[in-house]
Asks: 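A single structure is presented below for examination.
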Number of protein chains: 2
Amino acid sequence: MQLTRRAEYAIRTMLDIASNLDDQPLMSKEIAARQDIPPNFLIQIVPELRSAGLIHTVRGSGGGIYLTKKPSEITLRYIVEAIEGPIALNQCLIGDASCERKPRCPVHEVWALAQKQMLAVLEATTLAGLVDQSQSGKKASKTSAPTDVAGKINNEVELEV
Amino acid sequence: MQLTRRAEYAIRTMLDIASNLDDQPLMSKEIAARQDIPPNFLIQIVPELRSAGLIHTVRGSGGGIYLTKKPSEITLRYIVEAIEGPIALNQCLIGDASCERKPRCPVHEVWALAQKQMLAVLEATTLAGLVDQSQSGKKASKTSAPTDVAGKINNEVELEV
DNA sequence: CCTAAACTTTAGTAAAATGGTTAACTTTAT
DNA sequence: ATAAAGTTAACCATTTTACTAAAGTTTAGG
Ligand code: FES
Ligand code: FES
């Protein structure tokens, strides 16, 4: 029921790159150092982010990593699922998995709702929002209040089961 | 990020007992058969439910299991946490775990909110509600509509971060 | 063209979690 | 007594997790 370190590191990495103002690509080693990620572990995670289409990598001397999309277009959910695959709170909630118990299982829809609520939060959160928040946090919240995400959720989540 | 089989089986077990109308205790073997649980696995789970205070067990011939509390007082969250321990979507969200990154980590409150949303659903769901629903489901919903839980959530969840 | 800097790929690995099974033990109704 | 229940503890194979390591590939710059 917990985020893996891989995914946690992937989030930190994406956040690190999104916070970068220069337009030159960042080296994985530097990111690892800044974000307290085992460097040898990160170079294993980077290709996964790449094949998920989240980052672009430049090989060779002077190479590095940069984002493929705008930070405002990258959600927390997308990053997590790029590393861990589809998020599911129970086995029977994975994609099309047809659980034979589903029709008569009264708990199923409860898990489905719990998952929906959770995913709504992860989906309403973009890299841009996070960077924005951490920067405004440094000097007495300027732009968006931290309650922003909650506000979004309230409007976006549909609660029908 | 997924419920373990242990917890899933625990839920089925609790549900099975709650659905039982007789006042005589149920045998773990019978429950296992009804709920598709490996019997030898269940007899390992039962003591955990007992030490969590959820069930009362009677040893010896003619013994079995019955609930300690009323089904309306047992939430889904409580059952899951009885087996898996505190639910936390990320390591830094476990109890008092003081993550050194927390102060400067912009993602933390997002995970906290996602978890809160999820837990709200699991907490609004009681055994009584589930039994009620599965029984009314058998003959064209009679009492509470399946949207019940959602309705509850809408009112109960506080969305401030 | 050669070398160092960067990502890529593939292996390997120790420790823990997962999902079970087995068997010896204790309690209790009959 | 004895058989029927739950209790306890140990065991086990497999998978996942969180890393480490090393050989390979691409590319800028001298
Ligand atoms: S079938 Fe999905 S929770 Fe029971
Ligand atoms: S410190 Fe909790 S999510 Fe970063």
Side-chain angles (χ1 to χ4, degrees), chain A residues 1-13 16-17 24-33 35-52 54-68 80 83-92 94, chain B residues 1-13 16-17 24-33 35-68 80 83-88 90-92 94:
Chain A
M1 210 68 134
Q2 249 174 50
L3 197 71
T4 59
R5 292 303 86 197
R6 295 176 84 84
E8 162 78 18
Y9 294 154
I11 295 169
R12 288 189 205 172
T13 298
D16 190 275
I17 305 173
Q24 59 193 349
L26 295 177
M27 291 183 301
S28 108
K29 211 178 235 176
E30 284 178 355
I31 298 173
Q35 301 293 333
D36 301 317
I37 304 172
N40 292 333
F41 199 12
L42 183 54
I43 67 174
Q44 197 186 43
I45 297 168
V46 164
E48 295 182 52
L49 289 174
R50 207 198 87 231
S51 50
L54 281 170
I55 57 175
H56 226 85
T57 53
V58 181
R59 286 154 74 129
S61 175
I65 308 168
Y66 55 90
L67 297 185
T68 305
V80 173
I83 301 296
E84 299 192 356
I87 294 175
L89 291 184
N90 201 350
Q91 283 189 0
C92 53
I94 300 177
Chain B
M1 211 66 133
Q2 249 174 51
L3 197 71
T4 59
R5 293 303 86 196
R6 297 176 83 83
E8 162 78 19
Y9 294 155
I11 295 169
R12 288 189 203 172
T13 298
D16 190 274
I17 305 174
Q24 59 193 349
L26 294 177
M27 291 184 299
S28 106
K29 211 176 237 178
E30 282 178 355
I31 298 174
Q35 301 292 333
D36 300 317
I37 304 172
N40 291 334
F41 199 12
L42 183 54
I43 66 175
Q44 195 186 44
I45 296 168
V46 164
E48 295 181 52
L49 289 174
R50 206 197 88 231
S51 50
L54 280 170
I55 57 176
H56 224 84
T57 53
V58 181
R59 287 154 74 130
S61 175
I65 308 168
Y66 55 91
L67 297 184
T68 306
V80 173
I83 300 296
E84 298 192 357
I87 294 174
N90 201 349
Q91 282 190 1
C92 54
I94 300 178

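In what follows, chains are A, B, ... by sequence order, proteins preceding strands, each numbered from 1. Note that this is a predicted model, so its numbers are computed, not measured.
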Asks: Side chains of residues 49-60 of chain B: which donor-acceptor pairs under 3.5 Å do they make with residues two or more places apart or in other chains?
Replies:
residue	atom	partner	partner atom	Å
S51(B)	OG	P47(B)	O	3.1
S51(B)	OG	E48(B)	O	3.3

Asks: Take the protein atom CG of L49(B) and the nucleotide atom P of dG6(D), then report the distance between them rounded to whole Å.
Replies: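 My rounded result for the distance is 13 Å.
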Asks: From N90(A) CG over to Q2(B) CD, what is the distance, rounded to the nearest 0.5 angstrom?
Replies: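 Rounded to the nearest 0.5 Å, the CG-CD separation comes out at 6.5 Å.
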Asks: Using a cut-off of 4.0 Å between protein heavy atoms and nucleotide atoms, how would you tag nucleotides 11-23 of chain D 5' to 3' with B, S and -?
Replies: ------SBBB---
Asks: Please report the shortest heavy-atom distance between G62(A) and P25(A), naming the atom on each side.
Replies: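 Here G62(A) and P25(A) meet closest at O-CG, 4.2 Å.
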Asks: Report, one line per pair, each donor and acceptor closer than 3.5 Å where one atom sits in a side chain of residues 36-44 of chain B; sequence neighbours left out.
Replies:
residue	atom	partner	partner atom	Å
D36(B)	OD2	R101(A)	NH1	3.4
Q44(B)	OE1	R6(B)	NH1	3.3

Asks: To the nearest angstrom, how far is Q24(A) atom CD from dC7(C) atom P?
Replies: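 It works out to 13 Å between those atoms.
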Asks: Could you tell me which residues satisfy salt bridge (Lys or Arg N to Asp or Glu O under 4.0 Å) with R12(A), sequence neighbours excluded, listed by chain and number?
Replies: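 Residues passing salt bridge (Lys or Arg N to Asp or Glu O under 4.0 Å) with R12(A): E8(A).
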Asks: Any idea which heavy atoms bring I83(B) and A7(B) closest together, and the distance?
Replies: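 Heavy atoms of I83(B) and A7(B) come nearest at CG2-N, 3.9 Å.
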Asks: Rounding to an integer number of Å, can you tell me how far E8(B) CD sits from dG20(C) P?
Replies: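 Taking CD of E8(B) and P of dG20(C), I get 11 Å after rounding.
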Asks: Kindly write out the residues that satisfy side-chain hydrogen bond (donor to acceptor under 3.5 Å, both in side chains) with T4(A), not counting sequence neighbours, or none if the list is empty.
Replies: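 T4(A): side-chain hydrogen bond (donor to acceptor under 3.5 Å, both in side chains) contacts with E84(A).
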Asks: Can you see if the side chain of T57(A) gets near the phosphate of dA6(C) - specifically, an N or O under 4.0 Å from OP1 or OP2?
Replies: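 Indeed not, no polar side-chain atom of T57(A) lies that close.
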Asks: Nucleotide by nucleotide, 5' to 3', does protein get under 4.0 Å of the base (B), only the sugar-phosphate (S), or neither (-) in nucleotides 24-30 of chain D, counting heavy atoms?
Replies: -BBBS--
Asks: OG1/T13(B) to CD1/I31(B) distance, rounded to the nearest 0.5 angstrom?
Replies: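 Going from the OG1 atom of T13(B) to the CD1 atom of I31(B) covers 5.5 Å.
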Asks: Rounded to the nearest 0.5 Å, how far does CD of Q35(B) lie from CD1 of I11(B)?
Replies: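 Taking CD1 in I11(B) and CD in Q35(B), the distance rounds to 11.5 Å.
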Asks: What integer distance in Å separates R50(A):CZ from dC7(C):C1'?
Replies: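 Rounded to whole Å, this separation is 9 Å.
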Asks: Under 4.0 Å, counting only non-hydrogen atoms across every strand here, what does I45(A) touch: a base, just sugar-phosphate, or nothing?
Replies: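 No contact at all - I45(A) keeps every heavy atom at 4.0 Å or more from the nucleic acid.
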Asks: Without decimals, in angstroms, what is the distance between L26(B) CG and dA4(D) P?
Replies: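 The answer, rounded to whole Å, is 18 Å.
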Asks: Rounding to a whole Å, what distance do you find between E48(A):CD and dC7(C):P?
Replies: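 Rounded to whole Å, this separation is 16 Å.
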Asks: Measure from NZ on K29(B) to C1' on dG6(D) and round the result to the nearest Å.
Replies: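 Atom NZ in K29(B) sits about 12 Å away from atom C1' in dG6(D).
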